[in-house]
Amino acid sequence: MTLPLTLAALARLPREARDTLFLLGVIGWLILPLVAQLPLWCSALAATVLAWRAVLTLQNRPLPRRAWLVLLLVLTVAGTWASHRTLLGRDAGVTLVVVLLALKTLELRARRDALVVFFLGFFALLTNFFYSQSLPVAAAMLVGLLGLLTALVNAHRPVGEPSLRESAAVALRMALAGAPIMLALFLFFPRFAPLWGIPSDALTGRSGLSATMEVGQVAKLALDDGIALRVKFDGAPPPQGELYFRGPVLSRFDGRQWTARGGPGFEGLGLPPPSDLRVQGEPVRYEVTLEPSHRPWLLTLDVAPRAPELPEGRGARLTGDLQWLSPRPVTELLRYRAESYPRFHYGLAGWDGQPRRDLDEYLRLPAGYNPRTLALAEQLRAQVGEGNALALVQVALERLRRGGYVYTLEPGVAGQHTADEFWFDTKAGFCEHISSAFVVLLRAAGVPARIVTGYQGGELNGVDGFWVVRNADAHAWTEVWDARRGWLRVDPTAAVQPARIGQLQRLRRPEGLVAGAIGSFSPTLVAQLRSVWEAVNNGWNQWVLNYTQSRQLELLRQLGFASPDWTDLGKVIAGLLVAAALGGMAWARWERSQHDPWLRLLARARQRLADAGVAAPPQAPPRALARQVAHSDLPPALRQPLADWLLALETLRYAPSQAADARLATLQRQLRRLPWPRHPIRHDRTPPAA
């Protein structure tokens with residue numbers, strides 16, 4: 001059984017039908033990536049209209065009356081209002097553009113209508129970047145661009161039956177010719193932040209971190225291998241066990257949920273940065289490429305005493321919990337440099353430099369929760385004695401090591417007493433269960449403690465040298481306060497599952513059918529392919545999506561500008577435009593010189609005859625010119641050789657030999673060597689009619 005419309009059948013269709021079907025296919029290709037963002041009715045209506053138009057084309061039936069288009073347009077406007085409660089804005093605008101593009105194909109009668117469809121198609125192509133600027137989307141839209149250009153070339157070739165391959169070749173040459181200009185505009189067109197970039201609602205959070213934490217929330221992130229951030233170290237990276245990227249600090253507990261001080265987006269801002277932060281050793285310098293999270297959190301290694309270097313002069317803020325925040329949510333790819341010290345201590349002094357008296361919040365527990373954990377805490381405190389925080393921590397860690405506790409992705413649904421269930425019943429959990437139960441136990445024993453969320457670990461991509469931190473690396477650990485050393489990091493998950501921290505063994509979801517089959521054939525092939533793809537995608541992020549104004553000005557500095565600004569960018573753009581214009585003129589002159597050298601040589605001979613006073617009509621062929629020369633008043637020494645030369649030129653055109661190029665070059669030399677008169681000769685005789 002063969003398909004009803006194969007490529008061969010498409011080629012046999014009338015040209016108008018073939019070109020229309022090709023354009024419908026290009027439109028479908030442009031709309032396809034938007035389906036996930038459009039209302040269901042919009043996608044269904046667009047697909048139905050395109051299919052309807054294709055059937056009308058194949059059956060050579062007339063297009064629908066205008067009344068149908070008006071009715072569909074009214075339904076479209078009503079549906080857009082019902083879906084978005086507005087006709088303005090990004091989502092409503094994209095919905096209208098998609099439907100209008102599809103509906104316009106139903107009145108595709110003249111070239112004017114085709115041009116409207118083309119330009120709507122170009123606009124629909126751009127709307128895909130409102131939702132994603134990833135490399136796959138860019139590649140798909142490049143294919144769509146070539147398709148639209150091919151259809152545009154078809155529309156401007158009204159004569160004959162040009163094949164789609166010929167039109168595609170012309171479109172490809174057009175794109176390649178415009179590529180240098182596009183590259184120059186990308187590199188030097190001024191970027192005026194914050195106008196440059198994607199609107200803030202174009203991306204949704206994927207990091208999974210939050211100002212709140214419930215049992216089971218972080219566990220779900222272990223199934224997500226999406227990338228949260230990439231890190232490029234200037235030198236040797238720290239050991240994997242020290243790769244703690246600090247996020248929100250959670251200190252308030254209501255029995256079910258942990259929350260940060262100040263609420264979402266303002267956690268820790270009510271407290272000034274600690275005045276007694278002390279760091280030791282050499283700093284770790286690195287560059288972070290943070291994926292969009294729709295949150296203000298800037299992930300840095302513990303601990304970064306100085307602000308990360310943000311682009312466009314944005315200033316970061318340090319909270320009282322040593323977390324860095326951006327002045328606005330991270331809604332696009334963000335790259336910044338930071339400097340951290342893995343060895344540090346702080347927390348002995350209060351916010352006024354005096355000894356701390358503000359630890360009550362880190363001891364507070366809700367009433368009526370976890371009675372068995374409270375009883376266990378009393379036993380441990382009686383065992384080690386009052387005021388010995390570090391000894392209590394060690395006893396609790398030892399219980400985790402030797403008590404049969406398990407690190408698992410499926411700990412089950414927690415009840416009211418989450419800490420009791422972990423310590424005495426299930427003895428299983430993910431990092432959030434372990435950290436939460438650990439902090440509840442320590443607080444009940446009189447030790448100030450809190451939860452820190454963020455990312456732990458990462459893996460080196462051997463292709464590009466970047467460390468990749470995934471959503472699966474989301475982690476929760478604890479900080480406990482000691483009267484002699486201040487706040488100390490304690491990771492109770494390492495006591496239950498040491499490999500999760502040191503050797504970076506994570507829980508993974510089962511591989512899919514294809515990945516599993518490839519993995520069974522070659523265990524390392526899947527990892528290698530993923531590393532290559534992520535390296536390519538990272539290059540796209542680094543050099544395209546993250547090409548900011550600061551990098552643009554840095555490029556100007558490398559080109560010799562001492563203190564570049566946007567006016568220098570304007571000068572560079574103006575210079576490039578002048579150079580492009582001159583290059584275009586030179587190209588046009590060269591191309592004209594390459595156009596039919598035989599006609600060019602004949603035109604040169606006509607010009608010589610005119611200069612010598614012999615009438616040479618532009619429509620006269622070489623034989624007619626030879627007769628005029630034979631009856632002219634030119635000197636005999638020129639008359640016969642010139643007539644013979646014109647006849648030889650005609651012979652070359654209509655009876656070419658294998659050495660046509662060499663013969664043409666000979667005729668060019670002979671024309672120059674003929675004894676042309678210095679001044680025009682007056683003709684008294686009328687040449688005979690041809």
Side-chain angles (χ1 to χ4, degrees), residues 207-209 218 221 227-250 260 267-268 273-274 277-291 293 295-311 316-326 330 333-347 431 435 450-461 464-479 486-491 493-494 500-504 506 538 542:
S207 71
L209 298 182
V218 178
L221 284 178
I227 296 176
L229 63 148
R230 292 178 173 91
V231 184
K232 183 75 170 180
F233 292 99
D234 290 356
Q240 287 180 328
E242 296 182 6
L243 296 179
Y244 284 85
F245 295 89
R246 192 180 189 91
V249 179
L250 311 179
E267 49 277 0
L277 175 62
R278 300 292 181 268
V279 296
Q280 297 176 340
E282 291 295 322
V284 177
R285 297 180 177 88
Y286 53 95
E287 183 178 75
V288 175
T289 304
L290 186 64
E291 293 289 329
S293 63
R295 305 288 187 176
W297 306 320
L298 300 175
L299 281 302
T300 60
L301 285 174
D302 262 351
V303 64
R306 284 187 286 274
E309 301 173 9
L310 298 179
R317 299 169 293 170
L318 182 63
T319 71
D321 299 326
L322 291 183
Q323 182 190 3
W324 287 102
L325 300 179
S326 170
V330 180
L333 202 72
L334 178 63
R335 184 166 61 178
Y336 52 90
R337 291 193 57 82
E339 184 178 271
S340 297
Y341 291 81
R343 299 175 59 189
F344 63 94
H345 61 84
Y346 76 104
C431 58
S435 297
R450 62 191 184 186
I451 295 176
V452 183
T453 60
Y455 296 96
Q456 199 287 317
E459 57 186 347
L460 177 65
N461 188 319
D464 58 5
F466 278 78
W467 282 78
V468 178
V469 180
R470 305 181 183 278
N471 292 328
D473 299 321
H475 192 52
W477 61 94
T478 69
E479 284 185 339
W487 288 107
L488 302 173
R489 181 202 302 144
V490 178
D491 194 341
T493 303
R500 167 62 181 87
I501 308 302
Q503 301 174 16
L504 207 64
R506 304 182 190 88
N538 182 44
Q542 297 291 332

Distance in Å, [X] [atom1] paired with [Y] [atom2], rounded so as to fall on 0.5 Å steps:
X	Y	atom1	atom2	result
E287	R335	CD	CZ	4.5 Å
F245	Q456	CZ	CD	9.0 Å
L290	I227	CG	CD1	12.0 Å
H475	Y455	NE2	OH	13.0 Å
R285	S340	CZ	OG	11.0 Å
Y244	T300	OH	OG1	15.0 Å

(request) Could you check if a side-chain atom of R246 sits within less than 4.5 angstrom of a side-chain atom of V452, using non-hydrogen atoms only? (result) yes
(request) Taking the side chain as every heavy atom from C-beta outward, state whether F233 and P238 have any pair of such atoms under 4.5 Å apart. (result) yes
Considering all heavy atoms of both residues, which atom of [X] and which atom of [Y] are nearest to each other, and what is their separation?
X	Y	result
E282	P342	O-CD, 4.5 Å
L299	Y336	O-OH, 2.7 Å
L334	L310	CD2-CD2, 4.2 Å
A476	I451	CB-CG2, 4.2 Å
V490	T478	O-OG1, 2.5 Å
G454	W477	N-CZ3, 3.9 Å

(message) Using modelled atom types and a 3.5 Å cut-off, is there a donor and acceptor pairing between side-chain atoms of W324 and backbone atoms of A304?
(response) yes
(message) Donor-acceptor check, side chain of T453 to backbone of P248, threshold 3.5 angstrom: yes or no?
(response) yes
(request) Output yes when R230 and E291 qualify as a salt bridge under the 4.0 Å nitrogen-oxygen rule, no when they do not. (result) yes
(message) Looking at R450 and E479, is there a salt bridge between them, counting it only when a charged N and a carboxylate O are closer than 4.0 Å?
(response) yes
(message) side chain to side chain contact (heavy atoms under 4.5 Å, CB included), that's the test. Do R489 and F344 meet it? Break it down for me.
(response) CA-CA 10 Å; R489 181 202 302 144; F344 63 94; 4.3 Å; yes
